[in-house]
Structures are given as C-alpha cells and as structure tokens.
There are 2 protein chains.
Amino acid sequence: MKPKITLKDIAKELDVSISTVSKALKNSPEISKDTKDKIKAFAKFYNYRPNNIALSLKNKRTKNIGVVIPDIVHHFFTTVFRGIEKYANQKGYNVIVCISDESFDKEVINMEMLANGSIDGFILSLSAETQLKNDFTHLRELIGQGIPVVLFDRVTSEIDCDKVILNDKEIAFEATQHFINSGASKIALVTTENYFNVSEYRRDGYLSALSKNNIAVDDNLILTLPYNMENDSLIRDFFKRHKIDAVLCVNEIFAVQCMNIIKELGFEVPDDISIIAFTNGMLSKYSHPSLSTVAQHGDIMGERAAQMLIRRMESLEEEEPFKTEIINATLIKRGSTIN
Amino acid sequence: MKPKITLKDIAKELDVSISTVSKALKNSPEISKDTKDKIKAFAKFYNYRPNNIALSLKNKRTKNIGVVIPDIVHHFFTTVFRGIEKYANQKGYNVIVCISDESFDKEVINMEMLANGSIDGFILSLSAETQLKNDFTHLRELIGQGIPVVLFDRVTSEIDCDKVILNDKEIAFEATQHFINSGASKIALVTTENYFNVSEYRRDGYLSALSKNNIAVDDNLILTLPYNMENDSLIRDFFKRHKIDAVLCVNEIFAVQCMNIIKELGFEVPDDISIIAFTNGMLSKYSHPSLSTVAQHGDIMGERAAQMLIRRMESLEEEEPFKTEIINATLIKRGSTIN
DNA sequence: TTGTATGCGTTATCAA
DNA sequence: TTGATAACGCATACAA
C-alpha cells in the first residue's frame, strides 16, 4: 500500500518548497489557488497526515494525558477510566494508562517515565503504599515542573492541586441512617485499613450517624479486613460472634463475601441482616438478592477529572486557584435492604 | 522547584557544546573524565532526563503501544489489558488505550489518530460492529504502512498478522462433555449473535460434543441473546418452556442472569440444572453457588500479545512469517456443576 | 578531547 | 505568491 508520506516528500514530488506545502495544506491565503489545489489533491491521494511526534516537539504539547490508577480490575476504577477516556477523546486527547498496582515504586517510576515529555498532564488516584508512606515528593516535583495534576478519589491534603472526590462521609451517613430508619440498631461496618483516606471518611459518616441517633458505638461491630486476602473465616467469625442487623461495606467485594456467609449461616437478607455496599458494580447488580449500593458515579468522576485537567492545560492564565470538585454519591436501594 | 532542563541549558551553563553534553551523559570515551564528571554532576543535580518526544522523533520509534479494545468494564478485556500493560512496562513501553465501544467508527478514528506517529504498533480486539460489517480496510492500510498489528480474541482470517486466540472450540467441547459425563442430556447453549466469531467457535464445540455423544441437536435449546440488553424475560421464557439439565453460557453475565432466574423458578443449581460460564471473573467467583467457568487466562493472552508485538517491532528481519498463538483455556469446576 | 553540522517533521518568521 | 531559515531536543558523523 501507500507508505507514510511527509511534507518533504510532497515538496520534492511537486517541486515546491516544504513551507509552501505546509501553508497550502493549512489553506493559507498566501498560496495561490492553483498551487493549493495541486498540493491538496496530491496530499489527499497519498493520505497525508502530519506526524504527531513532530507536532508535539514543535508545539511543546503532546495531547496525551497520563492516567495512573492502582488497579483496573475493580469496577470503580474501570468506570472512572472510561469517563476519562471518553471525555479526553472528545477533546482530541489520548490516554496513556499506567497501573501502579498499589505500589509506591511503580507509581513513581511510571510517572517519571511519562513526565519526560510524553504527556501534558496527569490524572491519578494514589496507590495504597503511597498513602501508607505518606510520601508525595514525586507529585511535588512534577507539579513544580509545571505539569498539571488532578487527583481523584484517593487524594491527599498534602498536595495542592485540582481534585475530584466523593462525598464519602455524607453518603456513609445517609446509608447508616437508612439502616436506622428501617429499624436497625446493631449496625456493622466492614472496612479496610485506615490509611485509605476514603475508608476513614466513610467510617466518620457511619460513626456520626450512630451518634446522631444516640446509638452507642460498639468497636466490636467494626471489622477491618486486609486488602485482597482470603478473609472468609474472619467474616464468618464476625457474624457468628455478634448480633448484627445491618452491614455497611466499603466495597462490593466485601459485601458479596459478607452476603454469601450471612446466607450460609442461615440468616436472611435483608430480613435478618441488611447490606449496603459502596461501588455499584456488576457484583452488586447480579448478586441474589441484588445489593443496595452507594453509586460512586465513576464515569462522572472521570469526566470531571479530565475536564479539570484539560481546562488547566489549555488555560493561559497560570494562576487560577486549585479546585476540589465533590461528586455526590447516590444510594441505590435494591434487594439487600428493607425499603 | 527545578524546572525541566535540556541539553542546551546544561551546555550553556557549563560553557561547552551540546554534543559534548550529550556524549558525556552517554558516558562516551571521547570525553575527558573531568568534563564528564562536571557535566554528570550538573545533570544529576538538575535531574536531567532526555525528552521522550525528541528521542521519538530522532529514533523514529515512540516506545508506545496502542491498545484498542471494545470495552473495559468486562472482566476478560480488563485482564488482557493488565497483561499487556505489565509486559509492555517491563520492556520499557507505554500503553495508549482507546475504547472502541463496539463501534466501527471509533475503532477506525482512534487507530488513525494513533497511527500518525504516536505509536509503534497496535494490539487490538475487533469491535462488534467491525465484525458485523466485515470491513477491515483500516487494518490493511496500517499494516501496509508497516505498522505491526497483533489481533487477540476477536480476530479475523481476512487479515494476515500475528494473532492470539483461545482454543474456543475445544474448551466448549470439553465443557459440554463435562455436562454429558455427569449425566446431562438436555444441554442448552446461551450465546450472542453469530458475528462474534468466538461465539461461533464455541457453538461449534458445543455441537460437536453433542454429536460425538449421539445426542440430537435441538435448536430450541440454543438461546441467542442480544448484546447488552435487558433480557431477563427472554431467559425466563426459555427455562420455563424447555426441560434443561445444563447450560453453557458464552459469558459470565449471561450465566449469572440465568442462574438467578433458574433459582427464581424453583430449580436447584447444580442438582437440577448445571451451569458453566465463559470468563472466570468476579461474578463467577462470588456468585452463590460459585460458577464453574472456562478460564480464558486473559493476563496470559495480553502478555503474549505484547510479547509478539514487541518482538516484531524490535526484530530487524522484516519477513518473519505471521504466527497465531493459541491459549489453552481451562475448566474451573466449582459449585454450579456436579463434579 | 571538543565542537560543528545535519537531520528527524513540522511551523513560523522573514526575505525575495 | 513562494521559498529560505530557524527552531523544538536530541544524537551522531565528521571536522578541528
């Protein structure tokens, strides 16, 4: 087939200068109609397209966005990514994805690799290890170099940049209140280690709903599960040992694990125990009964993050103050709660 | 903080030429130790990193791989992507992802956008629409331009390139045979429209297992569901109308939908009806009972695809013949079958 | 041992 | 109306 063709090739073939070709293809009024027609026809025939790399070098902008996420198998990140990709594509940007795999080193290495000219800006959600170490020098350096960064979901107050987060505390409050309204008082929380700031906010919401309703907090009703481990026996113990009316889970995997064990122990969902899960994914939708969930609207988060990033990258006035956008989660009531 | 620095900046600052700096940083023996030390120290202090874009332009290779997939929320594609990303990263490549969203146009546009210098090669799985239209001119053009392409899973024989596929027919045969071995004879197949070539292969495997065991094919036991629709009522009708012992589903969503309805109709899984699902994802793992599945080993497919692509991109001898690698699926026996 | 010139593909400025 | 030149950041063949 036709090989890739450059301005130079066209110029040589048509016996004009490179700059004439360039101008003609940009429809510059400097060039005569005849010449333009000739050049355009030739370019069209050989399917000329300007080389992105050369443009990037010249313009000092790549039209690439770097996205760094801890994980892609989890429904939430998947949907955020989809939101980013969709919006970015509409705006003519491409998306380079790196998976940090919850590792600090991978996060740092990937970002440094991309920061050397490959991308114009970053969208990222902090890895577990980064949150644990509380070390953000890599982010500070990138921002110091003038690379715009947008953090989403797993953010940190240590870094001053644009952010998109969920109203975690409020929605956890709302979910807990929903349990209480339907008569529950022994309400459990199944959560992750605390260095995930989102888990902390959710716990706050849970706690404040209890206290608002004058329900004493029972620390035994808070189950902290290790991330990504086989934890069925912990869960089984938990539900055997304590009388529980309702459970709020910080993700849907915990929730289905809990539900399966609850049923196995002979309890009915939602009659004996109600469940609400964060993340409105496939697991929740297709479980039996289907799970009531907190919809995090990942698509919207992604879209907003991309929007904020692109706006900042394209804005000329440097010193717009950083914003934090809050996405409002919504409670989706399905089969695992009494509504 | 320190701003991004270039060779030129270093040269000016240290009052040497750009090429001296370039050579020094590459540890060239041409340059005296003193000069090298001085330059290296300076570069290190200012955290000099060569600009990827400039390197790409010079070397005519970007170290970027373009990945085009129909969808990212589906577990299979997610795992394939993870495999690609992991391997590519190890080899120093970045991954630019585009989601075709099952649309022919998006597939074409995205690929053309990336093909203008942004990437060195493609890994893709055909969109539904592309398979339906059977139009592959965009692929032919890219390949004609010398851009290497690796197809995975949803491939086509129309295009001559490297491919990675699953042994769909064989594993569908094996799954069906497993049903038969455990005493089933009224075996159903729940599948998608036929223009998905993988569905066709799976159907072939299913049919040949039946005929091998002298079980008459009953077309009424094959349910073709539209992709991505609310199809509960179709499924309910299907299981009401026909006496069925076992169901093979071409994806796990269909499988959990079937299972939920089967249970709702008062049947027991696996005692009354056994189920096997393609895709060993979260849904299968956490359903109740957990689903027996065909593990497609997406990670491995992704890794192999990346490996084939990178090998081809880096190989000097142009004319190595194209290969098709076949990944062997494995049957994972869990709670939805009698084992 | 160091520096100059050239080129990768493009655009913009200025000259003809 | 067209063309020559410089520049983006880097690497390298060649000259000094």
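By convention in this document, chain letters (A, B, ...) are assigned in the order of the sequence lines, proteins followed by strands, and residues within each chain are numbered from 1.
Rounded to whole Å, atom P of D:dA11 lies 14 Å from atom CD of B:Glu30. Put simply, CD1 on B:Ile10 is 13 Å from P on D:dG9, counting in whole angstrom units. Rounded to whole Å, the distance from CG on A:Asn27 to P on C:dT11 is 13 Å. Look at CZ on B:Arg61: it is 18 Å from C1' on C:dG9, rounded to the nearest Å. One can place CG of A:Leu25 at 16 Å from C1' of D:dG3, the figure rounded to the nearest angstrom. Going from atom CD1 of B:Ile39 over to atom P of D:dC10 covers 14 Å, rounded to whole Å. Rounded to whole angstrom, the span from the NZ atom of B:Lys26 across to the C1' atom of C:dT2 amounts to 18 Å. Whole-Å rounding puts the B:Leu7 CG to D:dT12 P distance at 12 Å.
Counting any heavy atom pair closer than 4.0 Å across all strands shown, A:Thr6 reaches sugar-phosphate atoms only and no base atom.
Screening residues 88-107 of chain A for ring-ring contact (aromatic ring centres under 6.0 Å, His included), with sequence neighbours left out, gives A:Phe104-A:His138.
Within the 4.0 Å cut-off from OP1 or OP2 of D:dT2, at least one side-chain nitrogen or oxygen of A:Ser32 is found. For the OP1/OP2 pair of D:dT1 and a distance below 4.0 Å, the side-chain nitrogens and oxygens of A:Lys36 include no atom meeting the criterion.
A:Thr156 meets the side chain to side chain contact (heavy atoms under 4.5 Å, CB included) test with A:Leu126, A:Phe136, A:Leu151, A:Glu158, A:Ile159; sequence neighbours excluded. Every residue meeting the side chain to side chain contact (heavy atoms under 4.5 Å, CB included) condition with B:Ile18, not counting sequence neighbours, appears here in chain and number order: B:Leu7, B:Lys8, B:Ala11. Scanning for ring-ring contact (aromatic ring centres under 6.0 Å, His included) contacts around B:Phe322 gives an empty result, with sequence neighbours left out. Applying the side chain to side chain contact (heavy atoms under 4.5 Å, CB included) criterion to A:Glu30, with sequence neighbours excluded, gives A:Lys23, A:Ser28. Checked against side chain to side chain donor-acceptor pair (under 3.5 Å), A:Lys4 has the following partners two or more places apart in sequence or in another chain: B:Asn116. Under the side chain to side chain contact (heavy atoms under 4.5 Å, CB included) criterion, A:Lys323 pairs with A:Asp162, A:Met308, A:Glu320, not counting sequence neighbours. By the side chain to side chain donor-acceptor pair (under 3.5 Å) test, A:Lys44 is found to be paired with no residue, residues two or more places apart in sequence or in another chain being considered. Judged as a side chain to side chain donor-acceptor pair (under 3.5 Å), and not counting sequence neighbours, B:Ser22 has no contacts.
Taking the ring centroids of A:Tyr46 and A:Phe42, they lie under the 6.0 Å cut-off.
Between the side chain of A:Asp101 and the backbone N or O of A:Ser103 there is no donor-acceptor pair closer than 3.5 Å.
For the helix from C:dT1-D:dA16 to C:dA16-D:dT1, the axis fitted to the five pairs at one end and the axis fitted to the five pairs at the other end meet at an angle of 70° (nearest 10 degrees).
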Please list, pair by pair, any protein nitrogen or oxygen found under 3.5 Å from a nitrogen or oxygen in nucleotides 4-7 of chain C.
| from | atom 1 | to | atom 2 | distance (Å) |
| --- | --- | --- | --- | --- |
| C:dT4 | O4 | B:Ser19 | OG | 2.9 |
| C:dG7 | N2 | B:Lys58 | NZ | 3.2 |

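DNA chain C lies under 4.0 Å from at least one heavy atom of each of the following residues of residues 42-57 of chain B: B:Leu57.
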